[in-house]
Amino acid sequence: GAGVSQTPSNKVTEKGKYVELRCDPISGHTALYWYRQSLGQGPEFLIYFQGTGAADDSGLPNDRFFAVRPEGSVSTLKIQRTERGDSAVYLCASSSQAFGGGELFFGEGSRLTVL
Amino acid sequence: ILNVEQSPQSLHVQEGDSTNFTCSFPSSNFYALHWYRWETAKSPEALFVMTLNGDEKKKGRISATLNTKEGYSYLYIKGSQPEDSATYLCASSTFNDYKLSFGAGTTVTVRA
């Protein structure tokens with residue numbers, strides 16, 4: 001596709017459930033980022049992929065969060081045993097330049113609501 | 001994670017008026033400063049990527065300046081239009097931490 005695609009756009013789940021959020025980056029972009037925006041705050045870094053490997057996962061809040069990018073393209077953010085505090089907009093972005101060298105192209109985000 | 005601050009948090013502007021707002025960031029080991037515009041129900045869109053002290057960039061009625069020595073950037077909107085209503089995010093990175101750290105944004109509402 002022409003831009004970064006994220007699915008689902010909205011997800012409502014119950015506390016304790018498992019959730020997967022998908023990101024399809026711009027074709028050819030090797031760098032992929034996940035950010036999370038909670039109400040009233042700026043986007044918070046979660047994880048950065050360069051190709052298939054997670055180059056930096058220091059932003060993942062705890063071991064309930066995990067992300068993969070097995071073929072260096074589509075990425076999935078996985079959240080186990082969701083908590084109400086996980087409610088946020090999860091943003092994915094890709095870039096043609098590695099290691100923060102260029103602008104990020106964002107998707108529209110996946111809004112997660114944990115009841 | 002860098003401490004990036006934006007002010008004001010929100011502002012209302014009459015159509016046709018000009019406005020500006022600020023982003024402050026750590027000046028030590030500065031690498032890049034990004035501005036993004038985020039309209040409701042859309043994806044954040046890059047406005048500017050700036051790296052050089054004293055740099056000024058312009059896109060239509062929107063322009064930005066950068067002072068890396070003192071750690072601030074201004075975004076200016078000239079002759080505001082309703083379509084300028086959005087949240088404007090700035091983000092900074094350093095040479096030893098490439099990932100962008102975002103401010104909380106300035107939400108601009110242009111009244112017709």
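Reminder, nothing fancy here: chain letters follow the sequence lines and each chain counts from 1.
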Taking all atoms of both residues into account, what is the closest heavy-atom pair of B:A104 and A:G40, and its distance?
->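 The pair with the smallest heavy-atom distance is CB-O, 4.0 Å.
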Closest non-hydrogen atom pair between B:G103 and A:P43, with its separation |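 The answer is O-CD, 4.1 Å.
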Indicate yes or no for a side-chain donor-acceptor contact from A:Y35 to the backbone of B:L100 under 3.5 Å, with no hydrogens or angles considered.
->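 Looks like yes, one N/O pair under 3.5 Å.
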Just wondering, more than 12 heavy atoms not from [X] lying within 6.0 Å of its [atom1]?
| X | atom1 | result |
| --- | --- | --- |
| B:Q9 | CD | no |
| A:E71 | CD | no |
| A:L39 | CG | no |
| A:Y18 | OH | yes |
| B:K59 | NZ | yes |
| B:K57 | NZ | yes |

By a 4.5 Å heavy-atom criterion (distance strictly below it), what part of A:E44 contacts chain B: side chain, backbone, both, or neither?
->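 When you check distances to chain B, no heavy atom of A:E44 falls under 4.5 Å.
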Which residues share a side-chain hydrogen bond (donor to acceptor under 3.5 Å, both in side chains) with A:S58, sequence neighbours left out =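 For A:S58, the residues satisfying side-chain hydrogen bond (donor to acceptor under 3.5 Å, both in side chains) (neighbours in sequence not counted) are A:D56.
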Is there side-chain contact between B:F102 and A:F45, with heavy atoms separated by less than 4.5 Å?
->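 Result no, sub-4.5 Å side-chain heavy-atom pair not found.
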Taking the side chain as every heavy atom from C-beta outward, state whether A:E108 and B:W38 have any pair of such atoms under 4.5 Å apart.
->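 Of all side-chain heavy-atom pairs linking B:W38 with A:E108, none is under 4.5 Å.
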CA sep, side-chain torsions, deciding dist, call: A:E103, B:Y36, side chain to side chain contact (heavy atoms under 4.5 Å, CB included) | CA-CA 9 Å; A:E103 72 179 81; B:Y36 291 84; 4.2 Å; yes
Among B:A91, B:P44, B:A46, which residue forms the greatest number of heavy-atom pairs with chain A at distances under 4.5 Å?
->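 Heavy-atom pairs under 4.5 Å are most numerous for B:P44.
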Enter the distance from A:F105:CZ to B:E45:CD here, rounded to the nearest 0.5 Å.
->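 That separation rounds to 9.5 Å.
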